[in-house]
Amino acid sequence: MTVLARAFYEQEVVDTARLLLGKRLVREIDGIRLSGTICETEAYRGEEDLACHAKSGRTPRTAVMYGPAGHAYVYFTYGMHWCLNAVCGAEDFPAAVLLRAIWPVDGLDEIAKRRGRFPREQWCNGPAKLCQAFSITGEQNTIDLCSTRSGLWIEDGPESAPEKICSGPRVGIQSVPEPWRSMPWRFWVSE
DNA sequence: TTTACGATCTAT
DNA sequence: TAGATCGTAAAT
């Protein structure tokens, strides 16, 4: 296994979103390894992207997106949910990839403690669900995904077959004006 | 200080 | 289809 290096995240954010498909999200809790294969992502790109949290510039919340690539941006939303992003692109350019869905691989017992009351297909098939499954909260905000020290990282995985990669508009941004609402910056793997 | 709202999920 | 529930950023 190889931990993805910073250079991977320094690529153009839309490319990185697609390249993350098939990679392995890993979380270590009390020595227990949880992991899942990334199968859905979305790119958020710069201040001009009106769907991106950085649309209103640098704030305490968005500061991490302006920092070096390869760090986690974990934000709280709807009064109860956490969502995980990987900061991408060049420093001082705010961009991140939202991890929307993964397929659980390792640590199924540990995941089941939090998601076991639902069918397994629904354990990690949403950005807030995978955070609940992997016990990811604001405590992980700004951590370095290129190091295994903080218990959250991404490992290399098999490249997804190009013909299985789909793209389309991002989810949950109904009130965002065009062209941003329709930018095909959501990526997923067909079955 | 107050207000409005959200990169969601769940039960109805 | 609506309710939960609170941090964030803009308005007052």
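Keep in mind that this is a model prediction, so the values were computed, not measured.
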To the nearest angstrom, how far is [X] atom [atom1] from [N] atom [atom2]?
X       : N       : atom1 : atom2 : result
L50(A)  : dA10(C) : CG    : C1'   : 16 Å
L130(A) : dA7(B)  : CG    : P     : 16 Å
R181(A) : dA7(B)  : CZ    : P     : 14 Å
M65(A)  : dT8(C)  : CE    : C1'   : 12 Å
E40(A)  : dA7(B)  : CD    : P     : 16 Å
H81(A)  : dT8(C)  : NE2   : C1'   : 17 Å
Q122(A) : dT8(B)  : CD    : C1'   : 14 Å
R100(A) : dC9(B)  : CZ    : P     : 7 Å

dT5(C) - base-pair partner by Watson-Crick or wobble geometry, distances under 3.5 Å
none
May Y75(A) be described as stacking on the base of dA7(B), applying a 5.5 Å centroid limit and a 30° limit on plane angle?
no
Can you figure out which of [options] approaches the side chain of [X] most closely?
X       : options                 : result
A128(A) : dA9(C), dC9(B), dA7(B)  : dC9(B)
M80(A)  : dT8(B), dA4(C), dT10(B) : dA4(C)
R115(A) : dC9(B), dA9(C), dA7(B)  : dC9(B)
C52(A)  : dC9(B), dA7(B), dT8(C)  : dA7(B)
S175(A) : dG6(B), dA7(B), dT10(B) : dG6(B)
H53(A)  : dT8(B), dA7(B), dA9(C)  : dA7(B)
S56(A)  : dT8(B), dT10(B), dA9(C) : dA9(C)
R61(A)  : dA11(B), dT8(B), dT8(C) : dT8(C)
F118(A) : dA11(B), dC9(B), dA9(C) : dA11(B)

Looking at [Y] and [X], is there a salt bridge between them, counting it only when a charged N and a carboxylate O are closer than 4.0 Å?
X       : Y       : answer
E40(A)  : R100(A) : yes
D156(A) : R24(A)  : no
R33(A)  : E110(A) : no
D49(A)  : R170(A) : yes

Would you check if the distance from the ring center of H53(A) to the ring center of Y75(A) is below 6.0 Å?
yes
Phosphate-side-chain proximity, [X] and [N], N/O vs OP1/OP2 below 4.0 Å:
X       : N       : answer
T77(A)  : dG7(C)  : no
K129(A) : dT10(B) : yes
R186(A) : dA7(B)  : no

If the P atom of dT5(C) is compared with that of dT2(B), how far apart are they to the nearest Å?
22 Å
Smallest separation among heavy atoms of S150(A) and R27(A), with atom names:
O-NH1, 4.2 Å
Which is true for F76(A) with a 4.0 Å heavy-atom rule: it touches a base, it touches only sugar-phosphate, or it touches nothing?
sugar-phosphate
Under 3.5 Å, is there any donor-acceptor pair linking the side chain of Y78(A) to the base of dA4(C)?
no
